[in-house]
Amino acid sequence: MENVVVLIVGAGPAGLATAACLSQLSIPYVIVERESCSVSLWRNHAYDRLKLHLAKEFCELPHMSYTLDAPTYIPRTLFVKYLDDYVERFNIQPKYLTSVESSTFDNDEKCWSIVAHDMAKSTIVRFTAKFLVVASGENSAEDIPMIPGLQSFPGDVIHSSSYKSGKNYSGMNVLVIGSGNSGMEIAYDLAAHGAYTSIVIRSPIHVMTKELIRLGMTLAPRLPLNLVDNLLVMEANLIFGDLSMHGIRRPKMGPMILKSETGRSAVIDVGTVGLIKKGIIKVQGSISKIMGDIVEFQCSKKISFDAIVFATGYKSTTNIWLKNGESMLNGNGLPIKEYPNHWKGGNGLYCVGLGRRGLAGIAADAKNSANDIKSVIDAMSS
């Protein structure tokens, strides 16, 4: 049994940011990570051409800026190096290959009782912690929807987390399901590598340029969000024109308000829209079923595909191991309270990086949680 002040679950950007903030306040902690390295999603499960979609000033973790010569939009490899430097700077030493199996609050002892599996040694490790920080992320497990007949599809079926590059798909008919940033960028990458690419776009989406989003995020603290949204939509319409004839509809809610109220991001165009307009990437509607290599859409169109890429996002797995977390998380493992008050539960429970606010949200959550833990410790000792 290891008694710790703070146990942090997860060594992605959220866990690392929390560890750094606790270090700055001289609060001891232990950080556990089920993978064999930190930030495994960025390191091992991101496609080759990925860059951070937001300007670097919105993508820093607490207490460490990017170098002055870093580009405005940070490529994946540079971001991973930044995180490795961050680990070194704050001497963060995660216990890797340690998977939390259960966490329960002990009412008698007034602490969290945590059971974890040390996968390297095949042993059970136990912790008690005064404070528990859930930093295992929104992106813990791949979310692949159930489509009738999917199991009959004979070709490649992968989730975007396994996608690296379109070079293996040249000359093939490929269907991308999902039209968020990953889906749109993977569709572009496939087409650029010579795949005959289709993308399923079911829901309305805002398509923006990275410069427009940077402008929106710069103006948002200074102006009413509906005013910022009107400006962004007007500019986007000038840049892209009416996309409804190409199967892309805009949501009624503006992009900044939509992000603020639902956590859904605008799509930052990397060239996909131009290829859709030229007919190089085909837009498809909802799927009704799959029969072998034939995908039937709800409009009754039937098309044969060689491969399917699911860019349908991830889901939180926190509720599988966290018991007594009802004060903070709902049935989907996401915060009950609305942003910006979502990060604190009862009994010394916190979450960092579950507010769907990207790296800027992670930085704010980490600072808030560490400062709150410090004030509780100070109150207990006074």
Side-chain angles (χ1 to χ4, degrees), residues 12-13 37-60 66-67 69-84 137-139 142-144 156-201 205-214 239-240 248 265-283 305-314 358-359:
C37 60
S38 62
V39 295
S40 68
L41 201 64
W42 288 94
R43 208 183 293 278
N44 302 326
H45 299 287
Y47 43 93
D48 292 348
R49 56 169 286 120
L50 179 65
K51 284 185 176 178
L52 295 185
H53 289 119
L54 301 181
K56 62 184 177 184
E57 63 263 32
F58 303 112
C59 298
E60 291 180 346
Y66 290 100
T67 57
D69 60 350
T72 303
Y73 297 93
I74 306 287
R76 178 178 73 96
T77 48
L78 202 59
F79 183 58
V80 170
K81 186 186 182 307
Y82 167 79
L83 294 169
D84 285 341
E138 306 155 328
N139 301 341
E142 300 165 356
D143 191 8
I144 295 181
D156 251 13
V157 176
I158 65 166
H159 186 267
S160 56
S161 60
S162 301
Y163 181 91
K164 289 294 178 192
S165 160
K167 61 176 181 280
N168 300 329
Y169 296 95
S170 180
M172 295 167 71
N173 281 336
V174 186
L175 178 64
V176 179
I177 300 175
S179 55
N181 277 301
S182 294
M184 294 288 261
E185 189 155 356
I186 286 169
Y188 177 85
D189 189 62
L190 284 162
H193 281 95
Y196 300 103
T197 309
S198 291
I199 184 167
V200 170
I201 301 182
I205 51 173
H206 282 291
V207 180
M208 297 273 145
T209 64
K210 58 184 189 292
E211 292 80 13
L212 280 180
I213 291 296
R214 188 185 192 187
I239 294 165
F240 297 110
I248 301 173
S265 298
V267 169
I268 296 174
D269 182 52
V270 294
T272 316
V273 169
L275 297 186
I276 287 172
K277 284 179 167 179
K278 289 175 184 167
I280 294 169
I281 294 175
K282 306 276 194 282
V283 172
F305 290 100
D306 301 305
I308 298 174
V309 180
F310 279 95
T312 41
Y314 298 82
L359 291 159

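The structure presented is a predicted model; accordingly, all values stated were derived computationally and were not measured.
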Original post:
Counting only heavy atoms not in Phe240, do more than 12 sit closer than 6.0 Å to its CZ atom?
Top reply: yes
Subject >> His193 side chain vs Tyr188 backbone, donor-acceptor pair below 3.5 Å >> reply: no
Subject >> Pairwise distance CD1(Ile248) to NE2(His206) - rounded to 0.5 angstrom >> reply: 13.0 Å
Original post:
Do you know which two heavy atoms are closest between Leu175 and Ile199, and how far apart they sit?
Top reply: CD1-N, 4.5 Å
Original post:
Is Lys56 reaching over with its side chain to a backbone N or O of Ala70, donor-acceptor style, under 3.5 angstrom?
Top reply: yes
**OP:** Would you indicate whether the side-chain heavy atoms of Leu54 and Leu359 approach each other to under 4.5 Å?
**Re:** no
**OP:** Go through the steps for Tyr82 and Glu60 under the test side chain to side chain contact (heavy atoms under 4.5 Å, CB included), then give the verdict.
**Re:** CA-CA 9 Å; Tyr82 167 79; Glu60 291 180 346; 4.0 Å; yes
**OP:** Please confirm whether the backbone N or O of Ala46 pairs with a side-chain atom of Lys164, one donor and one acceptor, at under 3.5 Å?
**Re:** yes
**OP:** Answer yes or no: is there a donor N or O on one side and an acceptor on the other, between the side chain of Asn181 and the main chain of Ala266, under 3.5 Å?
**Re:** yes
Original post:
Would a distance-only check, ignoring hydrogens and angles, find a side-chain to backbone donor-acceptor pair under 3.5 Å from Asp306 to Asn173?
Top reply: yes
Subject >> Nearest atoms (heavy-atom pairs only) where Ile201 meets Ile205 >> reply: CG2-CD1, 4.4 Å
**OP:** Any chance you could measure Phe58, atom CZ, to Arg214, atom CZ, to the nearest 0.5 Å?
**Re:** 7.0 Å
**OP:** Could you tell me whether a side-chain N or O of Arg76 sits under 3.5 Å from a main-chain N or O of Asp48, the two making a donor and an acceptor?
**Re:** no
**OP:** Would you check if the side chain of Tyr66 reaches a backbone N or O of Cys59 as a donor-acceptor pair within less than 3.5 Å?
**Re:** yes
Original post:
If we only count heavy atoms from C-beta on, is the Leu83 to Arg43 side-chain gap below 4.5 Å?
Top reply: no
Subject >> Taking every non-hydrogen atom, the tightest pair across Ile144 and Thr312 >> reply: CA-OG1, 4.0 Å
**OP:** Report yes if the side chains of Ile239 and Leu212 come closer than 4.5 Å at any heavy-atom pair, otherwise no.
**Re:** yes
**OP:** Using the side chain to side chain contact (heavy atoms under 4.5 Å, CB included) rule, take Thr72 and Lys210 through it: C-alpha gap first, then chi angles, then the decisive distance, then the call.
**Re:** CA-CA 10 Å; Thr72 303; Lys210 58 184 189 292; over 6 Å; no
Original post:
What are the two closest heavy atoms between Ser179 and Val267, and how far apart are they?
Top reply: O-CG2, 3.3 Å
Original post:
Just wondering, do Glu185 and Tyr163 contact through their side chains at under 4.5 Å, heavy atoms?
Top reply: no
Original post:
Quick one: does His159's side chain get under 4.5 Å of His45's, heavy atoms only?
Top reply: no
**OP:** Look at atom NZ of Lys51 and say whether more than 12 heavy atoms of other residues, nucleotides or ligands are closer to it than 6.0 Å.
**Re:** no
Subject >> Sub-4.5 Å side-chain heavy-atom contact between Phe79 and Val39 >> reply: no
Original post:
Is a side-chain N or O of Ser160 found less than 3.5 angstrom from the main chain of Ser182, in a donor-acceptor match?
Top reply: no
Subject >> Closest contact, heavy atoms only, Tyr47 versus His53 >> reply: OH-CE1, 4.4 Å
Subject >> For Ile276 against Val283, the heavy-atom pair lying closest together >> reply: CG2-CG2, 3.7 Å
Subject >> Note, Thr272 side chain near Leu275 side chain (heavy atom, < 4.5 Å) >> reply: no
Subject >> Neighbour count above 12 (heavy atom, 6.0 Å) for Lys167 NZ >> reply: no
Original post:
Taking the side chain as C-beta and beyond, is there a heavy-atom pair between Asp189 and Tyr169 under 4.5 Å?
Top reply: no
**OP:** To the nearest 0.5 Å, tell me how far Asp143 CG sits from Ser161 OG.
**Re:** 11.0 Å
